[in-house]
Amino acid sequence: MKRYSLQIAGLAQPPASGQWIASLNPYTGEAWAEIPDGSAADVDAAVQAAHQAFSSGAWPQLSATERGALLRKLATLIERDAEKLARTEVMDNGKLFAEMRGQLQYIPQWFHYYAGLADKVQGATLPLDKKGYFAFTRHEPLGVVAAITPWNSPLFLLAWKIAPALAAGCTVVVKPSEFTSASTLEFAELFNEAGFPPGVFNVVTGYGAQVGSALVAHPLVAKVSFTGSDVTGRAINQAAAGQLKHASMELGGKSPNIVFADADLEQAMYGAISGIFAATGQTCIAGSRLLVQRSIHDAFVERLVAFAATARMGDPMSLETQVGPVTTLPQYEKVLSYIAIAKAEGARVVLGGAKASRAECGKGWFIEPTILTGVHNGMRIAQEEVFGPVLSVIPFDDEADALRIANDVRFGLAAAVWTSDIGRALRMSERLQAGTVWINTYRAVSFMAPFGGYKDSGLGRENGQSAIYEYLQTKSVWINSGATTSNPFVLR
């Protein structure tokens, strides 16, 4: 069984505790690797290394163009090792190899993009209202960034954070999920090969109560970037605010996927399937609430159930598999409990609704793709994030009704509209309370498009040009040209 080490200051190091955590393969339910059980002592060592790298040595001496060159080297190494890293992720989180390989092949684009953006961050001269002065602004890196990542797409979502952070000139300490740390530890090894100075990128693994809390509380951490549940995000944001740290939060969702009667119903059906059963529903943007116009509701559900019933489950390494296992045992049990809650509240199971007993699922944590009807928006299944392959179908009458239902939830991460009416598409996109709205598509993301949530779905934005400013602070510089003298006791 492979035993991993912490990555601190460019070195592989054992945890101070001398303890490791077994990493379980969701397909087999068996341990396949061990990750370090980190502690506050390891966090302090990593943050100190990151702070030293930020404050002195080679990293702060690099120009923005030179930082970009290092990011391009890193991108090339990721391209080289994409398949290897993807296989590690599948072993760790059970998601489909086809999806993980696609993500790993796409990740280098984040580093290429922000490599190009690194030396495009510009200040401005200010047309002051006061004579005798010249003033300008400059953007400077915040410092040490704590990046806390989830178990569903560890490296993909990590890239969203560290590509702009490193381009901005920050240094990073990563705390991956204790369930899926292996790929991040392997990824860290590429930084030395790319030529990054020691301490610029560090990884401390372990449990949230020990590692995550210590990382957020460390006085040398300037910013916390978190992706995960809204409950944990709220606690992290409150802890960061207590020390006036910068924070960005990419949290949960209960996204509405809205199908109007005038839509291309075949494409809408594919979009509904992709929105909830791809990635086994384990994505913050899952279209877990399918809103279907009442006039087509029954026929659309019948068609949807027939198609979803053909989903192939089994070994996530197989390119033939379409639905993999749930990543963790606690999450597997949580999803099953939500199905039970929905049935108790009156929802009808028209597909699935139980753990999978197919031979090809072996001993893994599989749940049959589940579709529920008879759902109204006040049910817990329609209001709370399940994070599994469970779809709630809710009928609506018209645009106003669809908007009322779609926005009647505390989340606001994403939404989709399926219609052939461009006017309706624009009206809906304006009034849906979500950070991303897709029209006649679902789950499309890009390094060029800002991503983040409204309401309880988070703070700040990742991706796009604006993301680099999440890791920068603005300084104003005033220069007295010598042409003006004034009373020193009076505000100029």
Supply the atom-to-atom distance [X] [atom1] to [Y] [atom2], rounded to the nearest 0.5 angstrom.
X	Y	atom1	atom2	value
Ile236	Lys245	CD1	NZ	12.5 Å
Asn93	Ser181	CG	OG	11.5 Å
Tyr338	Ile381	OH	CD1	7.5 Å
Gln109	Met448	CD	CE	10.5 Å
Asp119	Thr65	CG	OG1	3.5 Å
Ile78	Gln105	CD1	CD	12.5 Å

Any [X] side-chain heavy atom under 4.5 Å of [Y] side chain:
X	Y	value
Val144	His218	no
Leu336	Trp365	no
Leu319	Arg101	yes
Pro164	Glu470	no
Phe191	Val200	no
Leu304	Leu391	yes
Leu432	Ile258	yes
Leu185	Gln7	yes

Partners meeting salt bridge (charged side-chain N to carboxylate O under 4.0 Å, His left out) with Arg348 (sequence neighbours left out) = none
Between the main-chain N or O of [Y] and the side-chain N or O of [X], is there a donor-acceptor pair closer than 3.5 Å?
X	Y	answer
Thr370	Gly353	yes
Asn152	Gln282	yes
Gln383	Asp408	yes
Asp92	Ala182	yes
Ser183	Leu85	no
Glu368	Leu351	no
Glu345	Arg380	yes
Thr137	Ala124	yes
Thr76	Arg72	yes

Let me see the working for Arg289 and Asn377 under side-chain hydrogen bond (donor to acceptor under 3.5 Å, both in side chains), right down to the final yes or no.
-> CA-CA 9 Å; Arg289 289 186 300 154; Asn377 209 50; 3.0 Å; yes
Criterion side-chain contact (heavy atoms from CB on, under 4.5 Å) on Leu158 and Thr184, from CA distance to verdict | CA-CA 9 Å; Leu158 177 61; Thr184 303; 4.0 Å; yes
Over all atoms of both residues, closest heavy-atom pair of [X] and [Y]:
X	Y	value
Ala188	Val203	CB-CG2, 3.8 Å
Asn202	Ala50	ND2-CB, 3.7 Å
Pro26	Leu24	CD-O, 3.3 Å
Pro325	Gly94	CD-O, 3.1 Å
Cys284	Leu251	CB-O, 3.7 Å
Ala382	Ile394	CB-CD1, 4.2 Å

Report, as yes or no, whether the 6.0 Å neighbourhood of atom [atom1] on [X] holds more than 12 heavy atoms from other residues, nucleotides or ligands.
X	atom1	result
Gln465	CD	no
Glu302	CD	no
Lys475	NZ	no
Arg234	CZ	no

Can you run down the side-chain hydrogen bond (donor to acceptor under 3.5 Å, both in side chains) pairs that involve residues 422-447, sequence neighbours left out, and say none if there aren't any?
->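 Matches after skipping sequence neighbours: Glu99-Arg443, Asp262-Arg424, Glu399-Arg424, Glu399-Arg427, Gln433-Lys455.
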For the residue pair Phe156 and Trp110, does the interplanar ring angle fall in the parallel (under 30°), tilted (30 to 60°) or perpendicular (over 60°) class?
->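 Correct class here is perpendicular.
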Could you tell me how the ring of Trp160 sits relative to the ring of Phe451: parallel (under 30°), tilted (30 to 60°) or perpendicular (over 60°)?
->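 Trp160 and Phe451: perpendicular rings.
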Assess whether side-chain contact (heavy atoms from CB on, under 4.5 Å) is satisfied between Glu83 and Arg87, documenting all intermediate values.
-> CA-CA 6 Å; Glu83 185 153 327; Arg87 290 185 180 279; 3.5 Å; yes
Once ring-ring contact (aromatic ring centres under 6.0 Å, His included) is applied, do any residues pair with [X], and if so which ones, sequence neighbours excluded?
X	answer
Tyr207	none
Phe387	Trp151
His139	Tyr469

Looking at [options], which hits side-chain contact (heavy atoms from CB on, under 4.5 Å) with [X]?
X	options	result
Ile148	Thr232, Val224, Thr227, Val174	Val224
Val259	Asp264, Thr419, Ile296	Ile296
Leu290	Ile371, Val393, Leu372	Val393

Between Glu250 and Lys161, is there a salt bridge with N-O shorter than 4.0 Å?
-> no
side-chain hydrogen bond (donor to acceptor under 3.5 Å, both in side chains) against Ser392, all qualifying residues, sequence neighbours excluded = none
Where do Ser288 and Lys254 land on the side-chain contact (heavy atoms from CB on, under 4.5 Å) test, with the steps shown first?
-> CA-CA 6 Å; Ser288 54; Lys254 198 66 185 175; 3.4 Å; yes
For the pair Met428 and Ile439, evaluate side-chain contact (heavy atoms from CB on, under 4.5 Å) and give the outcome as yes or no after the intermediate values.
-> CA-CA 9 Å; Met428 295 292 290; Ile439 306 297; 5.8 Å; no
Side-chain donor-acceptor pair under 3.5 Å between Thr88 and Glu186, yes or no?
-> yes
For the rings on Phe396 and Phe260, is their centre-to-centre separation under 6.0 Å?
->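 That pair passes the under 6.0 Å test.
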Report yes or no: is the cationic atom of Lys223 (NZ for Lys, CZ for Arg) closer than 6.0 Å to the six-membered ring centre of Tyr471, at no more than 45° off its axis?
-> yes
